[in-house]
*Asks:* 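Okay, here's the structure, questions in a sec.
Within every chain, numbering begins at 1; the chains are lettered A, B, ... in the order of the sequence lines, protein sequences first and strands thereafter. This is a predicted model, so every value here is computed, not measured.
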Amino acid sequence: MLSKLPSRFGLHPNLQFLRAVGPSGDVRRARRLFDEIPHPDIRSWTLLITAYTKSGFPKEALEVYDELRERKFHPDQLALLSVTKACAALGNLIKAKGVHEDVIRYGYRSDLLLGNALIDMYGKCKYAQGAREVFDNLSAKDVISWTSMNSCYVNCKLPSEALITFREMGLNGVRPNPVTLSTVLPACSGLKSLNSGREIHAYIVRNGIHDNVYVSSALVDMYASCSSIKQAETVFNSTRQFDHVLCNVIMSAYFSNGECDKALHIFDQLQKGRTKLNHDSWNSVIGGCMQNGRTDKALQILHEMQQSGVKPNNITITSVLPLCIDLGSIRRGKEIHGFLLRHLFLEDETVFTALVFMYAKCGDLELSNRVFYMIPKKDTIAWNTMIIGNSTHGKGEEALLLFREMVSSGVKPNSVTFTGVLSGCSHSQLVDKGLMIFYAMRKEHGVEPDSEHYSCMVDALSRAGRLEQAYNFIQNMPMKPSAGAWGSLLGACRVYKNVEMARVAGKQLLEIEPENAGNYVLLSNIYETAKLREEASEIRKLMRERGIMKVPGCSWIQVKDKVHTFVVGDKNNAQTAEIYSFLIEVGEKMRLAGYLPCTDLVGQDLDAEEKEYSLCNHSERLAVAFGILNLDGASSIRVFKNLRICGDCHNAIKYLAKIVGVQIIVRDPLRFHHFKDGLCSCRDFW
DNA sequence: TTCGCGGTGA
């Protein structure tokens with residue numbers, strides 16, 4: 001084929017250029033050839049702009065447009081259309097408004113094609129108001145105008161507006177086409193409006209449009225979003241046309257319904273098909289496995305993906321980063337970070353945020369901070385992630401500072417922001433600052449406090465020992481108090497040894513959350529500490545009768561490439577003997593330094609010596625000892641635990657950190673404890 | 001000139 005082409009040296013630069021901007025052209029070559037054209041006409045300019053946009057360089061396309069304008073060219077309809085598409089691809093509203101002005105300046109105000117393109121452009125820039133203005137000013141609207149307006153509303157997360165516009169369109173006598181239908185169905189998904197979705201489905205069936213893949217996948221997605229997995233399945237099974245998107249939609253429908261095996265079955269069939277899978281399908285299945293806790297399967301499929309020659313992209317990375325969090329494996333996280341730097345451009349805000357989260361969750365708040373400040377444009381989730389990171393590390397003041405910085409930089413806080421800030425206040429005993437924020441959130445930021453926020457405040461008051469006030473706060477909640485609120489109060493009753501309040505909170509808690517073993521254990525420990533043996537054993541009896549099993553405590557730590565796991569009294573580690581003799585040996589030094597084992601928290605009928613022994617072999621203590629024995633020159637160790645850290649271990653680890661001279665970081669499900677020089681960052685409130 | 005899936009925060 002190539003040999004039949006005339007030598008490119010003999011071609012006129014203009015013709016060579018035209019070939020280079022063609023479907024399989026190379027945009028950089030096109031640019032060089034363009035520069036060789038002595039007097040490029042408006043058509044060549046337009047072709048170059050389009051070529052840049054289609055090759056994924058909308059910014060460069062706009063630069064070409066600026067160049068064209070500087071040279072005093074008058075853009076025509078096609079040139080304006082091409083630059084409108086570039087703006088849409090870039091999503092830059094300021095540029096978009098400039099192009100809109102040019103459309104008016106050059107006399108295309110009432111041009112239908114350009115009007116439609118402008119609606120689409122504003123939609124992609126998430127500026128519904130601008131799109132609506134253009135839409136309203138169109139003297140004649142066709143089905144594309146309506147569809148673009150719909151699509152804009154869906155893009156701007158205004159699904160009700162989309163449905164209203166869709167109805168309006170019908171009243172104006174314009175019939176929807178398949179594109180319109182696949183645009184409006186996601187609005188039903190967003191609203192979880194099964195009725196609207198069914199209505200549109202009925203229209204589709206009546207008009208025989210159901211054999212369109214776009215329509216089918218939108219239908220499957222709509223039913224899945226409305227929790228009608230059976231109907232989603234029916235639509236999928238009755239579809240005659242397939243493509244990879246439709247398969248991805250049904251896979252995610254199954255995944256979000258917890259039906260992993262069905263999803264994986266679809267994926268198997270996709271893999272057996274003739275076409276090579278693209279990123280989308282791999283990412284859908286990897287993400288689905290991750291969300292369903294099938295992390296081994298996710299890793300296996302990630303491996304298969306790489307074997308098949310598809311390189312992980314930003315989305316793949318973002319969805320597998322939580323693997324490092326589960327294991328607390330900062331080493332693996334750094335490897336992935338390195339992969340990103342070597343193979344992909346680190347410019348995607350979502351990946352940045354996932355890295356910030358990973359580092360914070362793996363215990364390294366400093367690295368987390370550093371990545372955070374590298375994010376060029378921080379959105380609400382990015383700020384929230386950093387705020388929550390600081391809160392869980394007991395840095396309430398920093399969380400408050402970040403919150404102020406976020407607001408002054410013009411990013412709107414949402415309800416998650418306040419959960420982060422308030423929990424930060426409560427972990428750092430900034431009760432009054434917390435109360436101020438709590439009262440300001442509705443008034444100044446328009447965010448209605450939900451039960452999480454109330455729970456945070458109950459928690460803050462409880463930790464500060466203001467138990468009566470916390471109790472009043474619970475009673476004045478406009479919604480049913482959550483288990484979290486009562487749980488905070490009960491936890492504080494343990495710290496402040498308030499048995500009467502514990503009785504009240506415990507009763508509520510066992511009613512709301514009868515299946516949570518932790519509540520029984522906590523309540524029985526409080527009774528035990530208060531020497532109310534009978535009440536304590538009654539709670540344990542109740543727990544047995546209800547068949548509630550304690551979740552076994554488990555701690556883990558990474559040393560070199562391996563994650564080592566410990567349970568109570570664990571003897572499976574290769575260094576078991578060393579661990580126990582170390583704990584006995586250092587136990588003497590701890591006692592001399594003033595450590596008193598607090599034996600009454602072990603709610604079993606053992607004598608004092610046995611109790612002390614059973615504290616000494618808690619999983620977190622074994623993991624810490626193992627970490628110290630394998631320090632290898634490091635100055636800190638990181639231990640992770642599935643349950644809240646035990647009070648006596650918390651005390652013991654403070655002494656351990658001082659005696660050994662290391663920083664010990666322990667993550668429990670709620671927060672981080674940084675032990676250093678005999679103190680903990682939680683200031684003994686947790 | 002308009003369309004469907006996949007990734008981040010409690």
Side-chain angles (χ1 to χ4, degrees), chain A residues 77-78 80-82 84-85 88 111-121 123-124 142-152 154-155 176-186 189 212-222 224 243-253 255-256 278-288 290-291 312-322 348-358 360-361 375 379-389 391-392 414-423 450-453 455-456 484 670:
Chain A
Q77 187 206 33
L78 287 175
L80 288 165
L81 276 173
S82 71
T84 309
K85 278 207 108 173
D111 186 283
L112 180 62
L113 258 65
L114 268 169
N116 289 348
L118 286 174
I119 295 170
D120 179 57
M121 173 189 75
K124 301 245 159 77
D142 63 2
V143 62
I144 296 175
S145 323
W146 288 98
T147 304
S148 303
M149 197 59 235
N150 263 325
S151 160
C152 166
V154 172
N155 262 329
N177 65 18
V179 181
T180 322
L181 294 162
S182 55
T183 305
V184 73
L185 278 166
S189 308
N212 179 299
V213 253
Y214 284 87
V215 172
S216 308
S217 46
L219 275 172
V220 172
D221 180 61
M222 181 275 295
D243 68 359
H244 78 274
V245 177
L246 180 56
C247 293
N248 292 347
V249 176
I250 190 74
M251 274 200 300
S252 17
F255 275 126
S256 59
N278 62 6
H279 278 113
D280 303 345
S281 305
W282 289 108
N283 288 341
S284 297
V285 70
I286 291 171
M290 287 297 299
Q291 275 159 15
N313 67 5
N314 282 331
I315 292 176
T316 327
I317 299 292
T318 317
S319 53
V320 297
L321 261 174
D348 183 306
E349 179 171 289
T350 309
V351 182
F352 267 116
T353 306
L355 280 172
V356 170
F357 186 62
M358 182 275 292
K361 274 286 190 181
I375 307 181
D379 66 359
T380 303
I381 298 186
W383 283 101
N384 289 355
T385 304
M386 197 69 256
I387 289 173
I388 290 158
S391 296
T392 50
N414 64 13
S415 111
V416 179
T417 317
F418 288 102
T419 310
V421 176
L422 293 177
S423 76
D450 64 21
S451 95
E452 286 273 330
H453 303 118
S455 296
C456 283
L670 275 190

*Asks:* Please tell me which of the listed nucleotides, B:dG7, B:dT1, B:dC3, lies nearest to the side chain of A:Lys124?
*Replies:*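 Nearest nucleotide to the side chain: B:dC3.
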*Asks:* With heavy atoms under 4.0 Å as the rule, sort A:Val249 into base, sugar-phosphate or nothing.
*Replies:* sugar-phosphate
*Asks:* Touch check for A:Asn414, heavy atoms < 4.0 angstrom, all strands: base, sugar-phosphate only, or nothing?
*Replies:* base
*Asks:* Counting the atoms with a prime plus P, OP1 and OP2 as sugar-phosphate, which does A:Ile388 contact under 4.0 Å by heavy atoms, base, sugar-phosphate, or nothing?
*Replies:* sugar-phosphate
*Asks:* Applying a 4.0 Å non-hydrogen cut-off, can you work out what A:Tyr214 is touching in the nucleic acid: base, sugar-phosphate, or nothing?
*Replies:* base
*Asks:* A:Val213 near the nucleic acid: base, sugar-phosphate alone, or nothing, with a heavy-atom cut-off under 4.0 Å?
*Replies:* base
*Asks:* Counting only N and O atoms by type, is there a donor-acceptor contact under 3.5 Å from the side chain of A:His279 to the main-chain atoms of A:Thr316?
*Replies:* no
*Asks:* Side chain of A:Asn314: nearest nucleotide among B:dG7, B:dA10, B:dT2?
*Replies:*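 So the nucleotide nearest the side chain must be B:dG7.
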*Asks:* Tell me whether the side-chain N or O atoms of A:Asp280 pair up with the base of B:dC5 as donor and acceptor below 3.5 Å, since no angle test is needed here.
*Replies:* yes
*Asks:* By the definition side chain to side chain contact (heavy atoms under 4.5 Å, CB included), identify the one residue from A:Ile119, A:Thr84, A:Leu78 that meets it with A:Leu114.
*Replies:* A:Thr84
*Asks:* Of the options B:dC5, B:dA10, B:dG4, whose atoms approach the side-chain atoms of A:Ser182 most closely?
*Replies:* B:dG4
*Asks:* Tell me what A:Asp243 touches on the nucleic acid: a base, only sugar-phosphate, or nothing, going by heavy atoms under 4.0 Å.
*Replies:* base
*Asks:* Rounding to a whole Å, what distance do you find between A:Leu181:CG and B:dT2:P?
*Replies:* 17 Å
*Asks:* Report the nucleotide, chosen from B:dG6, B:dT1, B:dT8, that has the shortest atom-to-atom distance to any side-chain atom of A:Thr350.
*Replies:* B:dT8
*Asks:* Indicate whether OP1 or OP2 belonging to B:dG7 is found under 4.0 Å from a side-chain N or O atom of A:Gln291.
*Replies:*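 Checking A:Gln291 against B:dG7: at least one side-chain N or O falls below 4.0 Å of OP1 or OP2.
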*Asks:* When you measure from the side chain of A:Val179, which nucleotide among B:dG4, B:dG7, B:dT2 comes out closest?
*Replies:* B:dT2
*Asks:* If you round to the nearest 0.5 Å, how far is CZ of A:Phe418 from CG of A:Asp450?
*Replies:* 11.5 Å
*Asks:* Picking from B:dC3, B:dA10, B:dC5, which would you name as closest to the side chain of A:Val245?
*Replies:* B:dC5
*Asks:* Out of B:dG9, B:dC3, B:dG6, which nucleotide sits closest to the side chain of A:Thr183?
*Replies:* B:dC3
*Asks:* Which nucleotide in the set B:dT2, B:dT1, B:dT8 lies at the smallest distance from any side-chain heavy atom of A:Leu113?
*Replies:* B:dT1
*Asks:* Please evaluate residues A:Asn150 and A:Thr147 with respect to the criterion side-chain hydrogen bond (donor to acceptor under 3.5 Å, both in side chains), reporting the C-alpha separation (whole Å), side-chain torsions for both, the decisive distance (0.1 Å), and the verdict.
*Replies:* CA-CA 5 Å; A:Asn150 263 325; A:Thr147 304; 5.6 Å; no
*Asks:* Would you say the side-chain atoms of A:Thr183 pair up with the backbone N or O of A:Ser151, donor to acceptor, closer than 3.5 Å?
*Replies:* no
*Asks:* Of the listed nucleotides (B:dT1, B:dC3, B:dT8), which one gets closest to any side-chain atom of A:Ala354?
*Replies:*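 Closest of the options to the side chain of A:Ala354: B:dT8.
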*Asks:* Please pick, from B:dG4, B:dG7, B:dT2, the nucleotide with the shortest atom-to-atom distance to any side-chain atom of A:Ser148.
*Replies:* B:dT2
